[in-house]
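Following: one structure in structure tokens, then a few remarks.
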Amino acid sequence: MGIMGRLIMMAMPITPRFVIRWVANRYVAGEDLDGALKVMRDLGSQGACFTIDVLGEEITSLEEADFFVEEYARVLDAIVAEDFDANISLKPTAFGLLIDEAAATANIERITRQAAENEIFVRLDMEDHRVTQPTIDLVTEMHKLGLTNIGTVIQARLFRTESDIANLASALSGASDVRICKGIYLESEQIAHTGYREIVEATNRAIDQLLDAGSYTAIASHDMPVIDHSLSALSQRGMGPNIPDPRAEAGGPRKGKGPGYEFQMLLGVRGNVRRKLASDGHRTRVYIPYGSRWYEYSIRRLRENPDVAWHIAKSIIMPWTNRR
Ligand code: FDA
């Protein structure tokens with residue numbers, strides 16, 4: 001699989017932009033907010049809720065953060081105006097985290113406050129290892145300010161994950177809200193698991209740990225061994241569709257959330273699995289990225305993890321492996 005991904009990556013520089021655009025169309029909801037709203041309206045009948053992401057990351061000057069602050073304000077206004085069952089996901093480096101932590105914190109606080117006024121949740125996506133701790137710190141900082149409508153993502157491939165989950169649960173108690181995923185960034189073997197089997201096992205352990213710690217657990221995976229494990233871990237704990245969260249450590253119900261957990265998937269990936277989960281009554285959320293930087297986003301994601309290129313190629317050659 002790694003070799004296939006690498007071969008596809010080598011062909012990228014000679015692949016016409018319109019071909020990449022055609023492929024990206026499946027995974028990116030358009031260049032502007034109207035495109036994202038249209039995709040959400042179209043998907044509305046599938047029993048899913050949404051998280052909206054404005055594409056862009058790692059800005060090089062703080063002025064660039066203004067665009068993201070304003071655009072997310074428009075996204076929040078649109079969610080309220082159209083009464084969408086949606087929240088937002090944002091990348092802290094798009095707000096300046098790698099340039100000036102204090103400025104990034106102020107930018108993110110502004111968005112989180114506007115979201116809080118409308119009971120909308122804010123998820124800080126997790127980027128590469130340089131910002132793991134600063135991103136977690138941002139979340140605890142916001143909670144100290146009384147903004148509890150914010151959580152982050154934990155990447156199960158990282159060795160530090162077990163202690164990050166424990167620390168977040170103890171710092172935020174019932175208000176800890178974590179999206180758990182494998183992690184898209186290929187980190188070094190000094191700090192992360194690198195084999196498929198180890199990563200799946202680490203992801204399943206992290207899901208168990210989150211459930212036992214009382215955290216709201218957003219399971220973000222398209223991989224059946226992870227989804228199947230999650231379903232049995234939930235049922236072992238008496239959790240499931242339409243059952244109030246039985247965990248003593250968990251906080252009370254929150255607007256827009258499931259009974260202590262939900263499943264999340266990316267736009268365009270394994271819609272058939274998502275629809276089955278939804279029809280079984282589980283809360284399912286689709287991650288909706290949009291923005292004019294779709295080309296840079298697509299190329300960068302592929303460079304970071306060439307296996308994604310293979311998943312995409314496979315879904316074109318063998319569409320039954322990935323029904324939209
Ligand atoms: P795996 O990679 O094994 O995929 C299982 C199957 O799903 C594949 O065989 C393929 O069929 C299909 N598939 C998966 N990804 C595909 C793709 N891109 N295109 C086509 N088919 C695909 N990571 C991170 O580091 N920080 C973050 O904040 C987030 N946020 C996030 C949100 C949500 C909602 C999801 C679903 C994922 C993330 N991720 C992430 C990415 C995550 O860490 C991980 O890289 C991907 O989900 C792929 O891992 P899977 O568990 O899906 O398994």
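These numbers come from a predicted model, not from an experiment. Read the numbers this way: they start at 1 and go in the same order the structure lists the ligands and their atoms.
- The side chain to side chain contact (heavy atoms under 4.5 Å, CB included) test with R274 singles out one residue from Q264, Q46, H222, H282, and that residue is Q46.
- Contact annotation: for Q264 versus ligand 1, heavy atoms closer than 4.0 Å belong to both the backbone and the side chain.
- Evaluated by nearest non-hydrogen atom to atom 39 (N) of ligand 1, the leading choice among P289, C181, A156 is C181.
- At a heavy-atom distance under 4.0 Å, atoms from both the backbone and the side chain of D125 approach ligand 1.
- For the residues T51, I180, L266, the heavy atom positioned nearest atom 37 (C) of ligand 1 is part of L266.
- Annotation for R41: atom CZ counts as buried by contact number, over 12 foreign heavy atoms lying within 6.0 Å.
- Contacts between R270 and ligand 1, counted as non-hydrogen atom pairs separated by less than 4.0 Å, involve the side chain only.
- Side-chain atoms of Y216 come within 3.5 Å of backbone atoms of Y261 as a donor-acceptor pair (strictly under, hydrogens ignored).
- Residues F95 and I111 have side chains in contact (heavy-atom distance under 4.5 Å, counting atoms from C-beta outward).
- Numbered from 1 in the order shown, with element, the atoms of ligand 1 that lie under 4.0 Å from a heavy atom of V153 read 27 (C), 28 (O).
- Near Q155, with a cut-off below 4.0 Å to any heavy atom, the atoms of ligand 1 are 24 (C), 25 (O), 26 (N).
- Distances from atom 47 (O) of ligand 1 to the heavy atoms of H222, K182, R123 put H222 nearest.
- Placement of M239 and V178 within a single hydrophobic cluster is found when ILVMFWY residues are connected by side-chain heavy-atom separations under 4.5 Å, directly or transitively.
- Proximity of V269 to ligand 1 is established by a heavy-atom distance of less than 4.0 Å.
- When A220, S221, P225 are ranked by how near their heavy atoms come to atom 51 (O) of ligand 1, first place goes to S221.
- The environment of CD in E162 is sparse: at most 12 heavy-atom neighbours from other residues, nucleotides or ligands sit within 6.0 Å.
- Close contacts of ligand 1 with I184, meaning ligand atoms under 4.0 Å from a residue heavy atom, involve 23 (N), 24 (C), 25 (O), 43 (O), 45 (O).
- Between L55 and P289 there is a side-chain heavy-atom pair separated by less than 4.5 Å.
- If you look at R179 next to ligand 1, the close heavy atoms, those under 4.0 Å, all belong to the side chain.
- Annotation for ligand 1: atoms under 4.0 Å from non-hydrogen atoms of Y185 are 25 (O).
- M224 does not count as a contact of ligand 1, since none of its heavy atoms falls under 4.0 Å from the ligand.
- Contact check on D245 versus R254 returns no salt bridge, with no Lys/Arg side-chain nitrogen under 4.0 Å from an Asp/Glu carboxylate oxygen.
- Judged by a 6.0 Å distance limit and a 45° cone about the ring axis, R293 is positioned over the six-membered ring of F67.
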